Every structure is written in C-alpha cells, then in structure tokens.
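Numbering of residues begins at 1 and proceeds along the displayed sequence. In this text the structure is predicted, and so the values were computed from the model without any measurement.
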Amino acid sequence: MPVLRLGYMHVRVTDMDEAINHYSNTLGMTVVATGEGGAHISPVGISPGRRTYLKAWDEWDHHSVVLEEGGVGLVKFGYKVSSADELAKFERRIKHFGTTTERMSKGENLAVGDGIRVTLPSDHVLELYCDMDYIGTETGVLNPAPWPRDARGAAVPRLDHCLYTAEDPELDERFWSECLDFRPGERLITDPSDPELIGTWMYCGQTPHDVAVIKGPNGKLHHFAFLLEDWNAILRAGDVFGMDEVSVDVGPTRHGITRGTTIYFFDPSGNRNEVFSGGYLTGPDFPTITWTADQLGRGIFYISGEVNERFTTVVT
C-alpha cells in the first residue's frame with residue numbers, strides 16, 4: 001500500500017469558535033495546536049488566517065483536520081505515503097502525467113515533513129507526504145481500553161475519506177489510478193452503451209473508498225467523512241446531532257454504492273461532513289462495480305431511492 005490513507009483535510013470556516021465547538025464537542029475531536037497568521041498555499045493564492053489543528057481519539061499522527069478562519073470550503077488535503085522512495089516515484093509519475101507539482105518542505109505545514117504539492121486537473125490542491133509528528137492515540141498501545149472513558153459527542157475515531165467535484169471526473173480518475181495506484185471500487189456512468197463517467201469511488205487499501213470524485217464544478221468540496229464502528233454508533237451520532245442542533249442533510253440511512261451506513265450533516269460554516277460505517281473489503285483483485293444514472297437514487301441512498309436537490313448541488 002504505497003499510499004496509506006487520507007491524512008488531513010484543511011478547510012476554511014467563517015467562525016473559529018463555532019467550528020471548534022462542532023469538531024471538538026459534537027464530533028469529539030481534540031484540539032492539539034492553534035496558530036495565528038502565517039500563510040498556506042490555496043487554489044486562490046496565499047491565505048492568511050487563524051488556524052486550529054485537531055485529531056480524533058484513535059489517530060496517532062499529529063492532526064487530521066485543520067480549520068482556517070476566513071470563508072468556507074477546501075484549502076487543501078493530504079494523503080500519507082509509505083516511504084520517501086514511494087513519494088519520489090509518485091513525483092516522477094505526476095510530472096509525466098503533466099500535472100503541476102512542486103516540492104513541499106518540512107515546516108510549511110505544522111508537524112508535516114517534506115513532500116510534494118500537486119494541483120489536480122480539477123484545481124484542488126493535494127499534498128503527499130510520508131512523515132508527520134507522532135502523538136499517539138488516546139488509549140495508547142500498551143493494554144489499551146477499547147475507547148477513551150472521557151469520549152465526547154459522537155466520539156469519531158478517525159478521518160476516513162473525502163469526496164470532491166470535478167468538471168472531468170474521468171481525468172481525475174486517471175490521475176489517481178495512473179499516478180498513485182488507486183483503484184475504482186465503484187463507478188457511476190450515464191449508460192453502458194455510452195459510458196460517460198459521472199462519479200468514481202476509489203481505494204488505496206482495503207476500504208470501500210479513500211477518495212471519491214463526482215461530476216461538478218472544479219475546486220469544490222462535497223464532503224469529508226469520519227469512520228464510526230457500526231450502525232449503532234451512527235444512530236448514536238444522530239442523537240448527538242439532534243442534541244446539538246446540527247444541520248443534518250441526509251440520514252441515518254444506507255448507501256447502495258459502498259454499502260455503508262451514513263449521516264450527512266453540515267458544520268456551522270456550511271462544510272458538509274459525514275459519519276460512515278460498514279461497507280466491504282477491497283483489494284487488488286476486487287472487481288469494479290458499475291451503477292447507471294437511472295439508478296442514481298438507489299446508488300446514493302438505497303433505502304429511499306431518492307436524492308434531494310441539496311445533496312447534489314451544495315458544495316463548498
């Protein structure tokens with residue numbers, strides 16, 4: 001597994017205090033660092049602002065979510081790679097693919113080592129790295145408890161995947177496949193006789209998906225998701241969202257695509273989040289599952305078979 005997992009999501013928020021309350025108290029993440037000023041590269045240039053770094057209780061790296069005050073939407077996202085050699089191999093492939101890339105030095109991102117920064121065909125900023133400062137989980141590695149006794153809110157254990165939009169999802173699918181060895185677990189097409197790609201759900205390990213791309217405007221984020229243990233944990237998270245008056249988009253329900261159970265909801269700034277559980281195991285021999293546009297409703301929300309307009313049009 002040369003690419004290990006989605007390492008971090010870096011998003012803008014309109015009100016930092018509200019955002020911290022959502023990610024820390026409602027979702028149960030821990031604030032590990034804060035920062036004022038500084039600069040980060042984004043699709044629209046240099047973006048100064050106050051930042052907060054958070055991690056979930058079962059993550060060992062320094063952080064998995066970065067909040068930056070000043071607007072809404074995605075600044076960039078990072079995937080952790082298994083080694084420096086793999087990183088160098090990916091850099092060669094990306095340059096050959098023709099995608100804009102540059103070196104990323106240790107210190108440009110808090111706690112993150114050297115890496116490469118890529119502007120995807122869809123204009124999103126992707127960072128690849130192999131080192132991040134180690135903090136450890138809240139239960140440790142010596143005779144650990146199954147969960148932390150002081151868990152808060154939905155108590156999400158880790159970041160899981162993200163979904164973004166692209167004007168040409170097939171080109172982005174080629175990038176993830178040809179440059180980073182991702183495989184499409186499931187694809188949504190217009191019609192078998194005229195198979196234009198509408199969406200792709202791709203994996204790098206054994207999960208149903210580590211990244212997904214659907215047709216839509218370039219540079220936009222649809223959602224990023226946190227893993228929960230099972231359907232009971234999804235329902236409990238729904239209770240927490242009700243207690244905290246979180247704006248719920250859809251759920252609790254089940255996906256046809258990935259077979260996972262889910263709730264989609266919004267942070268106070270309007271960035272869409274998801275809690276996700278279940279699915280199936282993938283791997284190098286996993287055959288790609290195909291869905292057609294006439295079954296979009298069942299593919300996205302299997303039980304109702306319907307997709308609300310907000311789900312397909314609201315991106316940040």
Handout entry: Polar side chain donor-acceptor pair, Ser24 to Asn21, under 3.5 angstrom
Key = no

Problem - No-hydrogen, no-angle side-chain donor-acceptor test under 3.5 Å, His22 and Asn273 - result: yes

Practice task
Apply the side-chain hydrogen bond (donor to acceptor under 3.5 Å, both in side chains) test between Ser64 and each candidate in Arg158, Lys55, Glu59; give the one that qualifies.
Solution key: Glu59

[X], [Y]: one ILVMFWY side-chain cluster at the under-4.5 Å cut-off?
X	Y	value
Leu74	Val314	no
Leu163	Val250	yes
Leu126	Ile116	yes
Leu188	Leu171	no

Which atom of [X] lies closest to which atom of [Y], heavy atoms considered:
X	Y	answer
Pro208	Gly278	CG-O, 4.2 Å
Lys215	Glu167	NZ-O, 2.8 Å
Pro195	Ser193	CD-C, 3.7 Å
Ile94	Phe175	CG1-CE1, 3.9 Å
Val307	Leu296	CG2-O, 4.2 Å

Problem - Given Leu87, Leu180, Asp210, the one that forms side-chain contact (heavy atoms from CB on, under 4.5 Å) with Val3 - result: Leu180

Fill in the blank from the handout: In Asp168, Thr165, Asp172, the residue satisfying side-chain contact (heavy atoms from CB on, under 4.5 Å) with Ser122 is Asp172

Problem - Pairs touching residues 306-316 that satisfy side chain to side chain donor-acceptor pair (under 3.5 Å), sequence neighbours left out - result: Asp249-Arg310, Asn271-Thr316

Exercise for the section: Could you please spell out the steps behind the salt bridge (Lys or Arg N to Asp or Glu O under 4.0 Å) verdict for Arg93 and Asp181? Expected result: CA-CA 10 Å; Arg93 288 185 185 176; Asp181 293 329; 2.9 Å; yes

Taking the side chain as everything from C-beta on, heavy atoms only, tell me whether [X] gets closer than 4.5 Å to [Y].
X	Y	value
Phe265	Ser247	no
Thr30	Glu138	yes
Phe224	Val65	yes
Phe266	Val248	no
Val211	Phe182	yes

Practice task
Test ring pair (Phe, Tyr, Trp, His ring centres under 6.0 Å) on Phe276 and His161 and set out the steps.
Solution key: CA-CA 9 Å; Phe276 176 91; His161 67 267; 5.4 Å; yes

Practice task
Report the C-alpha separation of Asp17 and Arg50 in whole Å, then their side-chain angles, then the decisive distance to 0.1 Å, and conclude whether the salt bridge (Lys or Arg N to Asp or Glu O under 4.0 Å) test is met.
Solution key: CA-CA 11 Å; Asp17 292 334; Arg50 176 183 170 203; 3.5 Å; yes

Exercise for the section: Decide, yes or no, whether a salt bridge links Arg12 with Glu68 under the criterion of side-chain N to carboxylate O below 4.0 Å. Expected result: no

Ring-ring centroid check [X] [Y], cutoff 6.0 Å:
X	Y	answer
Trp176	Tyr79	yes
Phe311	Tyr264	yes
Tyr203	His209	no

Problem - Stepwise side chain to side chain donor-acceptor pair (under 3.5 Å) test for Ser269 and Glu18 - result: CA-CA 8 Å; Ser269 301; Glu18 287 185 347; 6.0 Å; no

Exercise for the section: For the pair Lys80 and Asp61, evaluate salt bridge (Lys or Arg N to Asp or Glu O under 4.0 Å) and give the outcome as yes or no after the intermediate values. Expected result: CA-CA 10 Å; Lys80 191 172 187 180; Asp61 284 347; 2.9 Å; yes

Problem - Worked check of side-chain contact (heavy atoms from CB on, under 4.5 Å) between Glu91 and Lys95 - result: CA-CA 6 Å; Glu91 183 178 23; Lys95 288 180 177 178; 3.7 Å; yes

Exercise for the section: Show your working on side chain to side chain donor-acceptor pair (under 3.5 Å) between Ser105 and Asp114 and close with a plain yes or no. Expected result: CA-CA 5 Å; Ser105 299; Asp114 295 339; 5.0 Å; no

Practice task
Applying side chain to side chain donor-acceptor pair (under 3.5 Å), run through Gln206 and Thr282 and close with a yes or a no.
Solution key: CA-CA 4 Å; Gln206 291 186 301; Thr282 55; over 6 Å; no

Handout entry: His222 and Arg272: CA distance, side-chain angles, deciding distance, side-chain contact (heavy atoms from CB on, under 4.5 Å) verdict
Key = CA-CA 6 Å; His222 186 275; Arg272 186 186 281 104; 3.4 Å; yes

Practice task
Check which hydrophobic residues are tied to Val112 through side-chain heavy-atom contacts below 4.5 Å, counting indirect links as well, and list them.
Solution key: Tyr8, Met104, Tyr129, Met132

Exercise for the section: Determine whether more than 12 heavy atoms belonging to other residues, nucleotides or ligands lie under 6.0 Å from atom OH of Tyr302. Expected result: no

Exercise for the section: Might you confirm whether atom CH2 of Trp147 has over 12 heavy atoms from other residues, nucleotides or ligands at distances under 6.0 Å? Expected result: no

Exercise for the section: Apply the test side-chain contact (heavy atoms from CB on, under 4.5 Å) to residues Ile189 and Thr292: give CA-CA distance (whole Å), side-chain angles for both, the deciding distance (0.1 Å), then the verdict. Expected result: CA-CA 5 Å; Ile189 62 172; Thr292 52; 4.3 Å; yes

Practice task
Using the test salt bridge (charged side-chain N to carboxylate O under 4.0 Å, His left out), find all partners of Glu178 that sit at least two apart in sequence or belong to another chain.
Solution key: Arg174

Handout entry: CA sep, side-chain torsions, deciding dist, call: Asp85, Ser83, side chain to side chain donor-acceptor pair (under 3.5 Å)
Key = CA-CA 5 Å; Asp85 288 342; Ser83 70; 5.1 Å; no

Problem - Verdict with supporting geometry, Cys162 and Phe77, side-chain contact (heavy atoms from CB on, under 4.5 Å) - result: CA-CA 9 Å; Cys162 70; Phe77 61 128; 3.7 Å; yes

